[in-house]
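Report on the structure given below.
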Amino acid sequence: MAAAAARFLLLVAVALAPLLAGVAGVQLSSRFYDRRCPKLQSIVRSAVAQAVATEPRMGASILRMFFHDCFVNGCDASILLDDTASFIGEKNAGPNANSVRGYDVIDAIKTQVEAACRATVSCADIVALAARDSVNLLGGPTWTVQLGRRDALNASQSAANSNLPGPGSSLDTLITMFGNKGLSPRDMTALSGAHTIGQARCATFRDRIYSDANVNATFAALRQQTCPQSGGDDTLAPIDVTTPDTFDTAYYENLASRQGLFHSDQELYNGGSQDVLVRMYRRRPSTFFVDFAKAMVRMGNLAPSTDTPTEIRLDCKKIN
């Protein structure tokens, strides 16, 4: 078993090598903090391990935070900023309110990191590391996180509302929105596999279980037991009906049996262009793990525009 695991990790590393080489061109480096904050990665992993052990769902929440940060003006920790007199931030945008969680975990990590190496590590890099560790600690792959991001001085609720795909999105919309970020349809389908962990509010999947034709009737009835046609908006259900706390390929198995929780999920397996890829990920978990890791690196490379003012925040919730 140990030998097989080692071979798999080598496979991931080899597959990612071309991507990692390209990252250096934008001044990100896996060794960015080696001298200035050598304990960074152990601090982050230890804190994430504790958080996930306390509540496995937190791993999915932190992964979601990273995605929702990077898709809005790049990976700049803008999602962590509280509202101020000069801007309305992203925390209460439609896709984030009552959805993105784990801010307290990131704050706790930041406090530890500041104690170890003050004014050195960005909040954006902490979120990137925490997302990787969340996936790995729940049974998923690991990858080399490129570091050196900086933190934005403002945030935009309107950008969050317009840049993040919703649970009712069509396949064409998903492909377009990911494509707008330089991510391919394959990246999109791999990243959607993040829905193999975590839970969702009834309000986000009600239309799916009551209105969609391509839904497993038994599955719809199960979800309807706790998600009525009106009311109960905040009632939670696992996105992956089989192994919601394990990062695996059950998400794709669910799609094949029409048990995708969101309309946008089932769009990946509904007679369209991504059906073949979904079938491949079902049969070959190692391919999914490699593709997911590659896509996470690509998404982590999304950067704010070059004229965006940035800093290393001392407190992730506010600018210095």
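Panel note: side chain D212, backbone V215; no donor-acceptor pair is recorded below 3.5 Å. Although no hydrogens or angles enter the test, the distance criterion places a donor-acceptor pair under 3.5 Å between the side chain of N136 and the main chain of G140. A donor-acceptor distance shorter than 3.5 angstrom exists from the side chain of D151 to the backbone of A124, with no hydrogens or angles considered. Looking at N163, its side chain does come within 3.5 Å of a backbone N or O of A159 through a donor-acceptor pair. Judged by distance alone, the side chain of Q157 and the main-chain N or O of G89 form a donor-acceptor pair under 3.5 Å. Using a distance-only test at 3.5 Å, with no hydrogens or angles considered, a donor-acceptor pair links the side chain of D275 to the main chain of G271. Between the N320 side chain and the L314 main chain, a donor and an acceptor come within less than 3.5 Å of each other. Although no hydrogens or angles enter the test, the distance criterion places no donor-acceptor pair under 3.5 Å between the side chain of S46 and the main chain of I43. For K318 (side chain) and D83 (main-chain N/O), no donor-acceptor pair under 3.5 Å exists by modelled atom type. The main-chain N or O of F247 is never found under 3.5 Å from a side-chain atom of T196 such that the two would form a donor-acceptor pair.
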- [ ] Could you please spell out the steps behind the side chain to side chain contact (heavy atoms under 4.5 Å, CB included) verdict for T144 and Q146?
- [x] CA-CA 6 Å; T144 300; Q146 300 298 299; 3.7 Å; yes

TODO: Test side chain to side chain contact (heavy atoms under 4.5 Å, CB included) on I197 and T246 and set out the steps.
DONE: CA-CA 6 Å; I197 53 176; T246 303; 5.7 Å; no

- [ ] Please step through side chain to side chain donor-acceptor pair (under 3.5 Å) for the pair S99 and R64, ending with a clear verdict.
- [x] CA-CA 9 Å; S99 174; R64 182 176 179 83; 2.7 Å; yes

- [ ] Dump the intermediate steps for side chain to side chain contact (heavy atoms under 4.5 Å, CB included) on D76 and R150, then the final yes or no.
- [x] CA-CA 6 Å; D76 61 0; R150 292 175 62 84; over 6 Å; no

- [ ] Give the C-alpha distance, both sets of side-chain angles, the deciding distance and a yes or no for side chain to side chain donor-acceptor pair (under 3.5 Å) between R279 and Q274.
- [x] CA-CA 9 Å; R279 286 193 289 267; Q274 301 307 292; over 6 Å; no

Open item on the list: Go through it in stages, so that I can follow the logic: the residues are D234 and C202, the test is side chain to side chain contact (heavy atoms under 4.5 Å, CB included), and I'd like the CA-CA distance, side-chain angles, deciding distance and then a yes or no.
Closed with: CA-CA 6 Å; D234 293 332; C202 166; over 6 Å; no

TODO: Start with the C-alpha distance between S78 and E90, add both sets of side-chain angles, then the distance that settles side chain to side chain donor-acceptor pair (under 3.5 Å), and finish with yes or no.
DONE: CA-CA 7 Å; S78 57; E90 299 164 27; 2.6 Å; yes

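Annotation for L171 and G272: closest pair CD2-CA, 4.4 Å, computed over non-hydrogen atoms. The nearest pair of heavy atoms linking V72 to A160 is CG2-CA, 3.6 Å. When all heavy atoms of M296 and L191 are compared, the pair lying nearest together is SD-CD2, 3.7 Å. Listed here is the closest heavy atom pair of A60 and G198: CB-CA, 3.4 Å. Between C123 and K110, the closest heavy-atom pair is SG-CE, 3.9 Å. Of all the heavy atoms in S134 and G59, the pair that sits closest is CB-O, 3.4 Å.
Under the 4.5 Å side-chain heavy-atom criterion for grouping Ile, Leu, Val, Met, Phe, Trp and Tyr, I109 is connected to Y33 within one hydrophobic cluster. Note on F262 and L174: separate hydrophobic clusters, where clusters join Ile, Leu, Val, Met, Phe, Trp and Tyr whose side-chain heavy atoms are under 4.5 Å apart, directly or indirectly. Cluster membership check: L261 does not share its hydrophobic cluster with V278, using side-chain heavy-atom separations under 4.5 Å among Ile, Leu, Val, Met, Phe, Trp and Tyr. Linking ILVMFWY side-chain heavy atoms closer than 4.5 Å, directly or via other members, places L153 and I312 in two distinct hydrophobic clusters. No continuous path of hydrophobic side-chain contacts links I319 to I106 [ILVMFWY only; heavy atoms under 4.5 Å].
Of the N and O atoms on the side chains of S305 and D307, at least one donor lies less than 3.5 Å from an acceptor on the other residue. A donor-acceptor contact closer than 3.5 angstrom links the side chains of Q41 and R132. In summary, the side chains of N270 and R258 do not present any donor paired with an acceptor at a separation below 3.5 Å, with no hydrogens or angles considered. With hydrogens and angles left out, the side-chain atoms of S192 and T189 include no donor and acceptor closer than 3.5 Å. For D240 and T243, the side-chain atoms include at least one donor-acceptor pair closer than 3.5 Å. A donor atom on one side chain and an acceptor atom on the other are found under 3.5 Å apart for R208 and N214. Side-chain contact of H263 with D207: a donor-acceptor pair under 3.5 Å is absent, judged by distance alone.
Rounded to the nearest 0.5 Å, atoms OG1 (T142) and CG (D133) are 6.5 Å apart. If you take CG on L222 and CD1 on I209, they are separated by 9.0 Å, rounding to the nearest 0.5 Å. Taking CD1 from I62 and CD1 from I126, the interatomic distance works out to 11.5 Å, rounded to the nearest 0.5 Å. Residue Q224 holds its CD atom at 10.0 Å from CZ of F219, rounded to the nearest 0.5 Å. To the nearest 0.5 Å, atoms CG (L302) and SG (C75) are separated by 5.0 Å.
In summary, E114 and R313 do not engage in a salt bridge, as defined by a charged side-chain N under 4.0 Å from a carboxylate O. Using a 4.0 Å cut-off between a side-chain N of Lys or Arg and a carboxylate O of Asp or Glu, R186 and D291 qualify as a salt bridge.
Counting heavy-atom neighbours within 6.0 Å of I88 CD1, excluding the residue itself, gives a total of 12 or less. Counting non-hydrogen atoms of other residues, nucleotides and ligands closer than 6.0 Å to CZ of R31 gives a total of 12 or fewer. The neighbour count for Q50 CD, taken as heavy atoms of other residues, nucleotides or ligands under 6.0 Å away, does not exceed 12.
Looking only at side-chain heavy atoms (C-beta outward), R282 and E253 come within less than 4.5 Å of each other. At a threshold of 4.5 Å between non-hydrogen side-chain atoms, the residues D187 and F178 do not count as touching. The closest side-chain heavy-atom distance from T176 to N180 is below 4.5 Å. D233 places a side-chain heavy atom less than 4.5 Å from the side chain of R206. In this structure, V135 and L63 have side chains that are in contact, with non-hydrogen atoms separated by less than 4.5 Å. Residues P244 and I239 form no side-chain contact, since every pair of their non-hydrogen atoms from C-beta on lies 4.5 Å or further apart. Annotation: side chain of T204 is in contact with side chain of P167 (closest heavy-atom distance under 4.5 Å). Taking 4.5 Å as the limit, some side-chain heavy atom of L255 sits within range of a side-chain heavy atom of Q266.
In this structure, K317 is not positioned above the aromatic face of Y103 in the sense of NZ or CZ being under 6.0 Å from the six-membered ring centre and within 45° of the axis.
The aromatic ring centroids of Y269 and Y252 lie 6.0 Å or more from each other. Not less than 6.0 angstrom separates the ring centroid of Y210 from the ring centroid of F205.
Considering L81, T111, D82, D107 in turn, D107 is the only one that fulfils the side chain to side chain contact (heavy atoms under 4.5 Å, CB included) rule with C316.
The aromatic rings of F288 and Y281 lie tilted to each other, with the angle between the two planes from 30° to 60°.
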